[in-house]
Protein chains: 2
Amino acid sequence: MINKVKELRELYGLTQGQLGEKVNVSRQAINAIEKNKFDPSIWLAYDLAKLFNKSIKEIFDFEGSKRK
Amino acid sequence: MINKVKELRELYGLTQGQLGEKVNVSRQAINAIEKNKFDPSIWLAYDLAKLFNKSIKEIFDFEGSKRK
DNA sequence: AGTAAGTGTAAAGTTAACCTTACACGAAAT
DNA sequence: ATTTCGTGTAAGGTTAACTTTACACTTACT
């Protein structure tokens, strides 16, 4: 799913690894989500939204994304 | 995860099966979410929120729920 | 009495969201 | 030149979110 994780991560000056630590997933999981390889679980989406002070919808573009 | 799916479903006068049809999951999936057997995928959470005209956070209580 | 509708739950299978390990690459610094 | 850091990606494994099928139970209707 199309998302703004990479932009927000860079805005916060974090590496993929650092962001992974903060939300308790691996760096590869962050990478995969940024590259749209798979969709986050609802908990991961929530954690990312919380960290970046945004709603899930602000980060993840449901309308513009293709359902896999 | 604690949620308001059952209340909202009944508010809309839907059976579990009817709700399942509307969001393209089985009736058992709806039942399991209502009974907190498992957490919805992010897409299912989105579909339910959209159907009920609420945000995901309004329906699913992340703060008050235990992470499994 | 019988039947239909709604719900609860269980078993077995599939799939996708993770994991760890590993390797390759480019950029930047020493 | 070589090391370090960040990223991209692939392989193989685990787990949970689903599926279908099936059965039991309650309530309501005829």
Side-chain angles (χ1 to χ4, degrees):
Chain A
M1 174 161 34
I2 298 165
N3 65 83
K4 300 179 179 161
V5 171
K6 179 173 185 179
E7 314 159 41
L8 288 164
R9 174 176 61 80
E10 290 174 344
L11 190 63
Y12 279 72
L14 298 171
T15 67
Q16 293 180 344
Q18 288 168 340
L19 178 54
E21 277 181 32
K22 290 204 185 239
V23 294
N24 297 304
V25 297
S26 69
R27 129 186 125 74
Q28 286 82 352
I30 298 294
N31 186 277
I33 285 163
E34 287 187 359
K35 308 291 275 186
N36 198 6
K37 294 285 173 52
F38 56 70
D39 299 328
S41 72
I42 193 170
W43 277 107
L44 178 51
Y46 169 74
D47 285 336
L48 290 168
K50 190 176 178 187
L51 181 65
F52 293 137
N53 275 319
K54 304 236 177 232
S55 69
I56 291 179
K57 275 178 76 173
E58 283 174 316
I59 300 182
F60 297 95
D61 179 17
F62 295 94
E63 299 296 340
S65 298
K66 230 196 202 163
R67 213 175 210 101
K68 299 162 182 173
Chain B
M1 174 160 37
I2 298 165
N3 66 81
K4 300 180 177 159
V5 171
K6 179 174 185 180
E7 313 161 40
L8 288 163
R9 174 176 61 81
E10 290 174 344
L11 190 62
Y12 279 71
L14 298 171
T15 67
Q16 293 180 345
Q18 288 168 341
L19 179 54
E21 277 180 34
K22 289 201 184 242
V23 293
N24 298 305
V25 296
S26 68
R27 133 187 122 74
Q28 286 81 350
I30 298 294
N31 185 277
I33 284 162
E34 286 188 359
K35 307 292 275 183
N36 198 8
K37 294 285 173 54
F38 56 70
D39 299 328
S41 71
I42 194 170
W43 277 108
L44 178 51
Y46 168 74
D47 285 335
L48 289 169
K50 190 176 179 187
L51 181 65
F52 293 137
N53 276 317
K54 304 235 176 234
S55 69
I56 290 179
K57 277 179 75 173
E58 283 174 315
I59 299 182
F60 297 96
D61 179 17
F62 295 94
E63 300 295 339
S65 299
K66 231 195 205 161
R67 212 177 212 99
K68 300 162 182 174

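For A:Met1 against A:Ser65, the heavy-atom pair with the smallest separation is CG-OG, 3.2 Å.
One atom, CG of A:Leu14, and another, C1' of D:dT7, lie 15 Å apart when rounded to the nearest Å. Between the CG atom of A:Asn31 and the P atom of C:dA22 there is a distance of 19 Å, given to the nearest Å. Here D:dA10 presents its P atom at 11 Å from NZ of A:Lys35, a figure rounded to the nearest Å. In this structure, A:Gln16 places its CD atom 18 Å from P of C:dC25, rounding to the nearest Å. Here the C1' atom of nucleotide C:dG8 and the CD1 atom of B:Ile30 are 15 Å apart, to the nearest Å. Protein atom CD1 of B:Ile33 is 8 Å distant from nucleotide atom C1' of D:dA17, rounded to whole Å. Distance CZ (B:Arg67) to C1' (D:dA16): 15 Å, rounded to an integer number of Å. Rounding to whole angstrom units, CG of residue A:Asn36 and P of D:dG8 are separated by 13 Å.
Here the straight-line distance linking atom NZ of A:Lys50 with atom NZ of B:Lys57 works out to 8.5 Å at 0.5 Å rounding.
Here the rule is side chain to side chain contact (heavy atoms under 4.5 Å, CB included) with A:Asn3, and of A:Ile33, A:Asp61, A:Leu8, A:Leu48 only A:Ile33 fits it.
Between B:Tyr12 and B:Phe52, the two ring planes are tilted [angle within 30° to 60°]. Taking the six-membered ring for Trp and thresholds of 30 and 60 degrees, B:Phe60 and B:Phe62 have ring planes inclined between 30 and 60 degrees apart.
Nucleotides of DNA chain D nearest to B:Arg27 and B:Leu44 differ in position, and the one nearer the 5' end is that of B:Leu44.
Across all strands shown, B:Ser41 has heavy atoms under 4.0 Å from sugar-phosphate atoms exclusively, and none from any base. Within the 4.0 angstrom heavy-atom criterion, only backbone atoms of the sugar-phosphate kind lie near A:Thr15; the bases stay farther away.
Proximity note for B:Val25 (side chain, C-beta onward) versus D:dC18, C:dT20, D:dT9: the nearest is D:dC18.
For D:dC18, the OP1/OP2 oxygens have no side-chain nitrogen or oxygen of B:Ser26 closer than 4.0 Å.
A donor and an acceptor atom sit less than 3.5 Å apart, one in the side chain of A:Gln28 and one in the base of C:dT21.
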